[in-house]
Every structure is written in C-alpha cells, then in structure tokens.
Amino acid sequence: MSKEFGRQHLAARANSGLSPAESPMSAPQQNQAAVRRPPLKVLYTVAEAYPLVKTGGLGDVAGALPQALLRAGIDIRVMLPAYAQVLDALENIKAGPDLGPVLGGYSARLLQATIPGSDVTAWLVDCPALYDRRANIYQTFAGEDWPDNHLRFGMLSRAAAMVAVAGQMAGWRPDILHANDWHTGLAPFYVRAWGAAAPRTVFTVHNMIYQGLFGRDVLPALGIASGGITNDILPAGLEFWGRMSFLKAGLVYADRVTTVSPSYAREVCAAPIGEGMDGVIRARLDGVVGIVNGIDEAVWNPATDLFIPSRYDTQNLGAKAANKAALSSLGLAISAARPLIGVVSRLVEQKGIDLVLEALPALLHEGAQLVVLGAGDGALEARLTAAAAAHPGDVAAVIGYDEGLAHRIIAGADMFLVPSRFEPCGLTQLYGQRYGTLPVVHRVGGLADTVRDMEDGFSFNELSAANIVNAVKRAIAVYRDEGSWRRIQRQAMAKMSGWDTCAKVYADLYAELSAPK
Ligand code: ADP
C-alpha cells in the first residue's frame, strides 16, 4: 500500500461512521485496485430496467444504455433487485454468489441472467423479504411508498458497493460503479466510506425531485453510525434539513455526477429546479455533466414495431393513417381533418396535465381531438375520465399503465403534447419524433435540447394553458399544409436519436475517470 493511499484510506475510514469489521474489502484487494486492464468494467446499478421492470423513463434508459455500452466495448453488468415480476419475466436464472448479511439484519445472494432481447448480464439482488411483493416496485397497492424503502434500496446500494469493492465475491471487479437516482445514491457513499481506491463512481440524476428522504432513525439499519448526523464529516453528506437523503449521498460522494440533458444540468444549479439540492451541486467543483438520453431504436421504430397495427417509415408515411384509424377503438371519431393530440404520461404535477385540461375547451374549439394514457394522481385521473365522458368522440382517456397502447398512441396521433413544468430529459417527445407524431413541448430541460421549433416539432416558452393553445394552433396551421407537415415529419423521423452516440460519451467519461492519475 502506498503511503498516500494508506493515509487516504485511514482518513476515510476514520470519518466513515463504519466500523472496520463492516467493510467487505481486505487490504490485499486494495493493492490490486491500481491495476487496470481493458476492456473497462462497469457495474450499472438501478431500480428498474426495461423489459424486466419499468415505471418510467429510468427503466427505458437502463434497458437501452447498457446494450449500447456493450456495443461500445464496455464489459458491463446491470444490478437491480430480484423483484417478483423480474423473476417471472426471466428464464435461465443461474444462482450467483452469496453476499451474506448486507444490512438491517437482511442477507442476500446474487442471481444471474441475461436481459431479454440483449446480451447484457443482469445481476439480481435476491432478498425475498424485501423484494418478493406484487404491486408497484416503489409503492403499495394503496399508492403509499413501501415503509421499508430505505432497506429495499439501501440493500441495492450496499450490495452494489460490496460487489464493486470486494471483487472476489462475484469473481469480477468493476473499474466504475455507475449508480442512478436516489435508489442507488448510497452506493457511492459506501464505496467512499470503506476507503476503497476502486471503483471510481458515477452518479446519474434522472430526476432531482425524488430525493429518498428518511428520518435519521434509519441510519443504524443502513450500517451507518448515527453519532451526530451533522457533525461527522462523511454523514454530513447525507443530511438534508435534519433528515437523510439518498439522493444527496450520490450527489456528494460520487466521483462524477451526470444528468440527462445539458439544459437540466444548468437548471438544477438554481432554484426552483434544483429542488433544494442546488447548493449541494454548486459546491461540487466539477459541476454536473449533462448527457442527453437516446432512445432504443429496436424498441421504438415504426418500421418494425409489433405493438402497432400498421408499420411505416419515411418512404410510406401514408401507412401511418391506419394507426390513427385504429384508435377509434377507444371511442374517438377519427377523421383526417381533425388533428389528434396524444399524451402518454405519468400523472404527476411535473407533467403539466392539469394545464392540458385547462386548455382542452380551446383545443377542441380549434378542431383538435385528444387521447391520453396515464396513471398516477387520483384527482387528475378523475378529471381526465370526466373530460372524456363530457366529450364523447373527441376525447379519450385510458387510466392505467399499458406499454402496447403507449406505442399505438405514439404511432396513431398526429401531435404529441409534453407540457412539463420541468423535464430532466423526457423520452416521449423523442418517440414522437421517431414516429412522425410531432411533439409540441414546453421549452425547458431536455425538451429544449431535443425539439427544434418548426424543424422537428414545436416548442413554446412560459408554460400556461394559453401558450399550449397558441403552440397547438401553430402546429395545426402547419398540419393543414400537407407538404410542410410531411417535411417536418420526415426531418423528425430521420433525426439520429439512438444510444450509440451518447454511449460513447459515457464510455469516454468512464475512461477519463479510471485513468491512473
Ligand atoms: P418520466 O421518466 O418522467 O416518466 P419520460 O418521458 O422520460 O418521463 O419516460 C416516460 C416513459 O414511460 C415512456 O417510455 C412512456 O411511454 C412511459 N409511460 C408513461 N406513462 C405510461 C403509461 N401510463 N403506460 C405506458 N407507458 C407509459
């Protein structure tokens, strides 16, 4: 052990709040940390990954980016919980190493499988007491967060850190541990607390609003000494207004923080979009890197999509009309003369669906129709259902989560509305572009970075119902001029939005971080 490393190691351990016995790493392994050989090994840890389990864009990203990283020559493994639905979705699961006790009195083992439709290896953290539950992965059937979410995602974070630091556990030691969102925010903390020289850690924020906040009473169960949350140097990085935050841990302890678009990376440095974490971000000398998401072009491709009744591409855009006609099954009186606006969204305040409802009378007055698929806030669900009942033939609302219907709406609508109050990246506007269903978006965050007004969609400043109506009116004017509409559709569909370019940026970042100093 070099003197320098030894000092850092001892200092980190002294400050970690963890007793040496709790560290899974032994001294000889720390010596190996300096040895790096190509290809770069990355452990990508995340709470959801399509097609195994998905509640939103995080699942899409974690399904597609690792495949692109594999294509870019990275030796990647994805680690996520062995939820009941994940085990149901997989065949050929192999038993992996036993991790023994991990935290809170819970032990776990790893299971190994290949993510369907890819060559990516998944490591599933198997702890039935925490993950063998039906219902949503984050919430009970009643819509409440699982009361032991700190343990469920503390387990994921700590299992990832253990495997990453003590490579002999799984016979594979990553150069980089890449954690995502609050669920895995503690992973960089554990790595730092154990004083490990490797792996280096990357933390990607997909949405700053979800912060993983818990009372400080959860600290012992997470294996973190609770002796004065605000006094200990390391745990101070977990403290957020008297509580602890998994998100803050990732923001403070990761070697590099990224987010999913350059505009959002700028916006989170200040209120209100920083959601109270803006000071934490400004305190990082290296800031936050914004890398815009891509889309999985194998899953979201109108020429090959098996969810949609009529496949098409830029050369036979006429075939798109059959997808619109098929939406009459939702009770819509479909007509080529009436532009159909689609919305597929989680129903949460962020997404601005309340403003769509406010704008609805004026949108109908302009001749538009509306189809919405979404689930979430009960009051919004009820208002959407009522709007559909009040305007039969012109408004359809489907409440629930339906992957196939999401594809059919994105293929069948003419326009796709994304009036988010803030948007870290947003994927549905990219899907809309790929399907020639032109997005109409609020110019914020990733929406500002991915939609160019009148070139591959429509965008507007200052979110309000009136501005939504004005932007849709502009879009309708172009819709009525078939030549111009087709031109913009083709430009949008031809746009390169695949993952390979972004994967290269991540690969470069990994290489830079893991290069010997
Ligand atoms: P977020 O991650 O904030 O939900 P994104 O636009 O990044 O927003 O990603 C949303 C993803 O979730 C898209 O793949 C979208 O199609 C999908 N989605 C959202 N709501 C539903 C739903 N009710 N049914 C099916 N898919 C949905």
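If you're wondering where the values come from, they're calculated on a predicted model, not measured in any experiment. In each ligand, atom 1 is the first atom listed, and ligand 1 is the first ligand listed.
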Peer 1: Is the closest side-chain heavy-atom distance between H178 and I76 below 4.5 Å?
Peer 2: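 Sidechains of I76 and H178: no contact.
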Peer 1: Give a yes/no on ligand 1: does Q429 have at least one heavy atom closer than 4.0 angstrom to it?
Peer 2: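 So Q429 does not count as touching ligand 1.
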Peer 1: Between D60 and ligand 1, which part of the residue brings a heavy atom under 4.0 Å of the ligand: side chain, backbone, both or neither?
Peer 2: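 Side chain only.
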Peer 1: Do me a favour and list the nearest non-hydrogen protein atom to atom 10 (C) of ligand 1 with residue, atom name and distance?
Peer 2: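 For this ligand atom, the closest protein heavy atom is G57 N, 3.6 Å.
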Peer 1: Among the heavy atoms of G374, does any lie under 4.0 Å from an atom of ligand 1?
Peer 2: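 Judged by the 4.0 Å heavy-atom criterion, G374 does count as contacting ligand 1.
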Peer 1: Taking the six-membered ring for Trp and the single ring otherwise, decide whether the centroids of W182 and Y210 are under 6.0 Å apart.
Peer 2: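 Not under 6.0 Å, so no.
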Peer 1: Between F246 and F189, is the gap from one ring center to the other below 6.0 Å?
Peer 2: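 When the ring centroids of F246 and F189 are compared, they turn out to be at least 6.0 Å apart.
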Peer 1: Judging by distance only, is a nitrogen or oxygen of R346 under 3.5 angstrom from one on ligand 1?
Peer 2: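 It does: an N or O of R346 is found under 3.5 Å from an N or O of ligand 1.
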Peer 1: With a heavy-atom distance limit of 4.0 Å, tell me whether K54 approaches ligand 1 through its side chain, its backbone, both, or neither.
Peer 2: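 Side chain only.
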Peer 1: Y312 vs Y435 aromatic rings, parallel, tilted or perpendicular, using cut-offs 30° and 60°?
Peer 2: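 Y312 vs Y435 ring planes: perpendicular.
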Peer 1: Any heavy atom of G400 closer to ligand 1 than 4.0 angstrom?
Peer 2: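 Contact present.
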Peer 1: Got the closest protein heavy atom to atom 22 (C) of ligand 1, with its distance?
Peer 2: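 Scanning the protein heavy atoms, the shortest distance from atom 22 (C) of ligand 1 goes to Y401 CD1, 3.4 Å.
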Peer 1: Write out the residue and atom name of the closest protein heavy atom to atom 24 (N) of ligand 1, then the distance separating them to 0.1 Å.
Peer 2: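 For atom 24 (N) of ligand 1, the nearest protein heavy atom comes out as D402 N, 3.0 Å.
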Peer 1: Where the closest heavy atom to atom 8 (O) of ligand 1 is concerned, which of H407, K351, Q350 has it?
Peer 2: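 Closest candidate by heavy-atom distance is K351.
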Peer 1: Does a salt bridge link D354 with R383, judged by any charged N lying under 4.0 Å from a carboxylate O?
Peer 2: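 So D354 does not pair with R383 through a salt bridge.
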Peer 1: Can you check whether N207 has an N/O within less than 3.5 Å of an N/O in ligand 1?
Peer 2: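 N/O-N/O distance below 3.5 Å does not exist for this pair.
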Peer 1: Among T437, I334, L332, find the residue that satisfies the side chain to side chain contact (heavy atoms under 4.5 Å, CB included) test when tested with K324.
Peer 2: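 That would be I334; it is the only one of T437, I334, L332 passing the side chain to side chain contact (heavy atoms under 4.5 Å, CB included) with K324.
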Peer 1: After noting the C-alpha distance and the side-chain angles of R152 and D145, does the key distance pass the salt bridge (Lys or Arg N to Asp or Glu O under 4.0 Å) rule?
Peer 2: CA-CA 11 Å; R152 299 174 73 241; D145 289 348; over 6 Å; no
Peer 1: Tell me whether A406 has any N or O atom under 3.5 angstrom from an N or O of ligand 1.
Peer 2: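 Such a contact does not occur with ligand 1.
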Peer 1: Is the number of heavy atoms from other residues, nucleotides or ligands within 6.0 Å of NZ (K473) greater than 12?
Peer 2: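 Open.
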Peer 1: Please list, in number order, the atoms of ligand 1 under 4.0 Å from a heavy atom of G426.
Peer 2: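 Near G426, meaning under 4.0 Å from one of its heavy atoms, ligand 1 has 6 (O), 7 (O).
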Peer 1: Between E423 and K351, is there a side-chain N and carboxylate O pair less than 4.0 Å apart?
Peer 2: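 A salt bridge is present here (some side-chain N lies under 4.0 Å from a carboxylate O).
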Peer 1: Closer than 4.0 angstrom, basic N to acidic O: yes or no for D305 and R434?
Peer 2: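 No, this pair does not count.
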Peer 1: Please determine whether a side-chain nitrogen of the Lys or Arg among K504 and D508 lies less than 4.0 Å from a carboxylate oxygen of the Asp or Glu.
Peer 2: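 Result for this pair is yes, salt bridge flagged.
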Peer 1: Please compare L427, V418, T428 and report which has the shortest non-hydrogen distance to atom 15 (C) of ligand 1.
Peer 2: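 Among L427, V418, T428, the closest heavy atom to atom 15 (C) of ligand 1 comes from T428.
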Peer 1: Would you mind reporting whether H150 and M244 have side-chain heavy atoms less than 4.5 Å apart?
Peer 2: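 No. Closest side-chain heavy atoms not under 4.5 Å.
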Peer 1: Hey, is ligand 1 close enough to E423 that some N/O pair sits below 3.5 Å?
Peer 2: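 Between E423 and ligand 1 (N or O atoms, distance only) the closest approach is not under 3.5 Å.
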Peer 1: For atom 18 (N) of ligand 1, which of V344, V372, L447 has the closest heavy atom?
Peer 2: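 That would be V344.
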Peer 1: Using a 4.0 Å heavy-atom cut-off, which part of S345 comes near ligand 1: side chain, backbone, both, or neither?
Peer 2: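 Under 4.0 Å from ligand 1, S345 contributes backbone atoms alone.
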Peer 1: Based purely on interatomic distance, does G56 place a nitrogen or oxygen under 3.5 Å from a nitrogen or oxygen of ligand 1?
Peer 2: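 No, since none of the N or O atoms of G56 sits under 3.5 Å from an N or O of ligand 1.
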Peer 1: Number the atoms of ligand 1 from 1 as they appear, then name those within less than 4.0 Å of a heavy atom of Y431, with their elements.
Peer 2: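 What qualifies from ligand 1 is 13 (C), 14 (O).
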Peer 1: Taking only non-hydrogen atoms of Y50, do any sit less than 4.0 angstrom from ligand 1?
Peer 2: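 It does not, in that no heavy atom of Y50 comes within the 4.0 Å cut-off of ligand 1.
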